[in-house]
Amino acid sequence: MAEGSAELELFRRRWREELAGGAKRRRQEAAAAEPERHRSAEPGEPSYLALARGLLDGGAPACRSPSPARPAEEPAEDGGGDGDDLLGQLIRDLNEINEVPFFDIQLPYELALKIFQYLGKTELGRCAQVSRTWKVLAEDEVLWYRLCQQEGYLLDTSISDHSCWKLALKNCRARERTLKTNWKNRIGAVSQLRYELGKILCDVHTCDGVVIAGYTSGEVRLWDTRTWDYTAPILEPMHGPGDAGPQPHVSFVRINSSLAVAAYEDGTVSVWNLMFGREPIHHYQHNQRIQALALGSEGATVATASGFEVKVESPDDRGFWQTTETFEIQKLILLYNLETSQCLKKMGNSIGDFTCVNLQNSPPNMLVTGNKDRRVRVFDLRKGESLCSLYAHQLGVSAVQMDDWKIVSGGEEGLVCVWDQRMGTKLWEMHARHPVRHVWFNSHSLITANIPDEKTPRGASITDDDLTVHRKHRGIIYAYEFSVDQLAVESILPICRSSYDELSGYNYNIGLAVPYDNI
């Protein structure tokens with residue numbers, strides 16, 4: 001019985017030695033199969049530390065299949081069991097980190113939002129498809145509010161005015177595309193700003209949809225096309241109602257957000273403050289006929305040219321108007337900085353080369369001009385050279401304005417043309433009897449004025465009763481509206497009111513205003 005127990009004990013000992021030897025051989029074979037950088041452990045360093053050092057250095061260790069479970073009787077030698085357990089735990093931790101979005105465990109929400117604000121619309125849309133957490137970040141209202149402001153939409157609103165700024169930006173972009181399509185296809189409505197008192201139109205100017213017009217009767221009137229208010233108030237002249245003789249004709253009118261200015265044939269200049277009423281707040285006199293009038297886009301700075309003299313008037317800190325600058329006109333087109341009185345750029349060789357110049361309403365560093373050779377030219381002020389040239393009108397260009405994609409020009413023959421600037425092609429045109437002396441537009445409106453050259457036509461009785469003759473000589477102001485939601489309720493010439501589908505043929509999309517169109 002004792003001999004059997006001794007043999008059993010000897011078998012168990014040999015079995016344990018065989019198992020220990022097999023485990024040691026497997027560890028040696030695995031160490032031999034690893035890359036050279038993972039076997040650069042120091043003497044006495046466990047293998048899992050070398051593996052961890054390789055991971056920190058950027059190495060990609062070969063994945064090893066877990067060793068089969070040891071029998072419960074197998075002893076752990078050289079820390080091999082602990083090493084396998086630590087390696088498995090390390091691999092499991094790495095896999096777990098890769099499956100969790102890093103913003104959830106490493107960055108706070110505010111910092112993640114700070115990173116996402118550098119992305120555009122397309123990038124935010126892609127990030128929203130990564131995970132649920134990234135979708136919440138990519139659709140945050142702060143991000144889309146900033147994008148809406150950066151693209152120039154809803155600038156006068158706060159973030160609390162809309163519940164979904166992503167939808168608000170989408171609607172604004174869709175409205176802009178619709179307006180652009182309406183501009184290109186001449187879809188909208190047009191109205192006339194009427195004046196039926198038997199006098200002739202002399203000059204017109206526009207600021208943000210508010211139109212000012214001067215007439216041969218000496219009257220100055222205002223229209224607000226933003227609200228389609230055609231009850232035009234009259235700005236009272238400096239001349240009293242009891243003054244003997246007829247009132248002088250109006251030569252030029254200008255308007256900005258706060259002031260209105262009119263220059264008369266006798267050299268008088270009157271200034272009104274639109275906030276204080278219809279009485280002039282300032283006036284001054286030139287000895288000769290005024291040849292040009294300019295008003296600053298903001299503030300209160302008026303410049304007039306008479307003969308070769310240019311006079312600049314503005315109020316001081318106490319509100320008293322005074323002459324701040326006088327200089328002489330040269331025979332070159334010069335660009336001045338009115339704050340420093342310095343010449344910035346010289347354009348052209350002679351003043352006769354240009355018939356009209358528009359710098360105020362042009363994009364930054366751009367200048368559009370109408371030239372004596374009947375062309376419209378666009379200049380880059382940074383280079384001082386022409387970017388494009390359009391053969392626009394047969395009798396000369398009399399008014400012009402541009403934005404980032406289109407040009408609107410008016411000609412001496414009475415033609416208003418809308419051009420695609422990049423393609424250099426004409427989109428459409430409208431014709432009236434008299435030369436086009438004024439053109440102004442914004443994103444959804446267009447104001448044009450056809451002003452007669454003859455202020456006292458011969459052989460015509462311009463009276464209040466003879467309206468038929470008056471229509472031929474009075475001049476006219478057109479107000480176009482291309483935004484569907486802001487169309488005038490009653491328009492003289494409805495444009496594209498019908499929804500007829502035309503597949504081919506010459507088509508300016510002019511529909512008849514008949515009862516059947518409302519069905």
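Index from 1, following the sequence. It should be emphasised that the depicted structure is a prediction, and the values quoted were computed from it without experimental measurement.
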- [ ] Using a 4.5 Å cut-off on heavy atoms from C-beta on, say whether the side chain of Y480 contacts that of S445.
- [x] no
- [ ] Give a yes or no on whether the backbone of A213 and the side-chain of W223 come within a donor-acceptor separation of less than 3.5 Å.
- [x] no
Task: Shortest non-hydrogen contact from W321 toward A300 - done: CH2-CB, 3.9 Å
TODO: Kindly indicate whether the side chain of S191, heavy atoms from C-beta on, has any atom under 4.5 Å from the side chain of Y478.
DONE: no
TODO: Give, for atom CD of Q421 and atom SG of C388, the distance between the pair rounded to the nearest 0.5 Å.
DONE: 5.5 Å
Task: Separation of W134 CH2 from C127 SG (nearest 0.5 Å) - done: 5.5 Å
- [ ] State whether the side chain of Q149 and the backbone N or O of L154 hold a donor-acceptor pair below 3.5 Å, judged by distance alone.
- [x] yes
- [ ] Quick one: do V302 and V312 satisfy side-chain contact (heavy atoms from CB on, under 4.5 Å)? Show the steps, please.
- [x] CA-CA 6 Å; V302 180; V312 179; over 6 Å; no
Open item on the list: Could you check whether R173 pairs with E151 (Lys NZ or Arg NE/NH1/NH2 to Asp/Glu carboxylate O, under 4.0 Å)?
Closed with: yes
Task: CZ-CG distance between R374 and L390, expressed to the nearest 0.5 angstrom - done: 15.0 Å
Open item on the list: If we ignore hydrogens and angles and just use 3.5 Å, is the side chain of T225 paired with the main-chain N or O of G209 as donor and acceptor?
Closed with: yes
Task: Whether T369 side chain and V357 backbone form a donor-acceptor pair below 3.5 Å - done: no
TODO: Output yes when a side-chain donor or acceptor of T355 lies under 3.5 Å from a complementary backbone atom of G370, and no otherwise.
DONE: yes
Open item on the list: One thing to verify: whether E139 and K135 come together as a salt bridge, which I'm taking to mean a side-chain N less than 4.0 angstrom from a carboxylate O.
Closed with: yes
Open item on the list: Can you classify the ring geometry of W165 versus Y145 as parallel (below 30°), tilted (30 to 60°) or perpendicular (above 60°)?
Closed with: perpendicular
Open item on the list: Looking at N358, is its backbone amide N or carbonyl O close enough to the side chain of S362 to form a donor-acceptor pair, meaning the two atoms are under 3.5 Å apart?
Closed with: yes
TODO: Might you point out which heavy atoms bring V397 and R375 nearest each other, and give the distance in Å?
DONE: CG2-O, 3.8 Å
- [ ] May I ask you to test the V210-T206 pair for a side-chain heavy-atom distance under 4.5 Å?
- [x] no
TODO: Go through V204 and I212 one step at a time and tell me if the side-chain contact (heavy atoms from CB on, under 4.5 Å) criterion holds.
DONE: CA-CA 6 Å; V204 176; I212 184 172; over 6 Å; no
Task: Salt bridge K426-D420, side-chain N to carboxylate O under 4.0 Å - done: no
Task: Side-chain heavy-atom pair N450, R437 within 4.5 angstrom cut-off - done: no
Open item on the list: For L169 versus Y153, what's the shortest heavy-atom pair and its separation?
Closed with: CD1-CD1, 3.6 Å
Task: N361 versus Q401, closest heavy-atom pair with distance - done: CB-NE2, 3.6 Å
Open item on the list: Pair W144, L124 - check side-chain contact (heavy atoms from CB on, under 4.5 Å), show working.
Closed with: CA-CA 10 Å; W144 290 96; L124 287 177; 4.1 Å; yes
Task: Check: S483 side chain, H444 main-chain N or O, donor-acceptor pair, under 3.5 Å - done: no
Task: Heavy-atom check, side chain of R186 versus side chain of L427, under 4.5 Å - done: no
- [ ] Validate the cation-pi geometry between K184 and W405: distance from NZ or CZ to the six-membered ring centre under 6.0 Å, angle to the ring axis within 45°.
- [x] yes
Task: Residue pair V376 / I407, side-chain heavy-atom distance below 4.5 Å - done: yes
Task: Nearest heavy-atom neighbours spanning H205 and I255 - done: ND1-N, 3.2 Å
TODO: Taking S389 for its side chain and R377 for its backbone only, find out whether a donor-acceptor pair lies under 3.5 Å.
DONE: no
Task: Distance-only side-chain donor-acceptor flag, T448 / H438, under 3.5 Å - done: no
Task: Note, N442 side chain near D208 side chain (heavy atom, < 4.5 Å) - done: no
Task: Donor-acceptor pair between Y109 and D140 side chains, under 3.5 angstrom - done: yes
Open item on the list: Given the ring of W183, does K406 sit roughly above its face, with NZ or CZ under 6.0 Å from the centre of the six-membered ring and within 45° of the axis?
Closed with: yes
Task: Donor-acceptor pair between S158 and S160 side chains, under 3.5 angstrom - done: yes
- [ ] Step by step, work out the side-chain contact (heavy atoms from CB on, under 4.5 Å) result for V378 and L367.
- [x] CA-CA 6 Å; V378 178; L367 173 68; over 6 Å; no
Open item on the list: Within the structure provided, determine whether L222 and V211 are in side-chain contact (heavy-atom separation under 4.5 Å).
Closed with: no
Task: Distance-minimising heavy-atom pair for A399 and C356 - done: N-SG, 3.7 Å
Task: Interatomic distance, E325 atom CD to T301 atom OG1 [nearest 0.5 angstrom] - done: 11.5 Å
Open item on the list: Whether the side chain of N256 engages the backbone of G296 through a donor-acceptor N/O pair (distance < 3.5 Å, no angle test) should be reported.
Closed with: yes
Open item on the list: Please report the interatomic distance SG(C172) to NZ(K170), rounded to the nearest 0.5 Å.
Closed with: 12.5 Å
- [ ] May I ask you to decide if F482's main-chain N or O and N182's side chain share a donor-acceptor pair within less than 3.5 Å?
- [x] yes
Open item on the list: For S409 and W419, which I'm curious about, is there any donor-acceptor pair between the side chains at under 3.5 Å?
Closed with: yes
Open item on the list: So, taking the atom named CG in N171 and the one named NZ in K166, what distance separates them when rounded to the nearest 0.5 Å?
Closed with: 12.5 Å
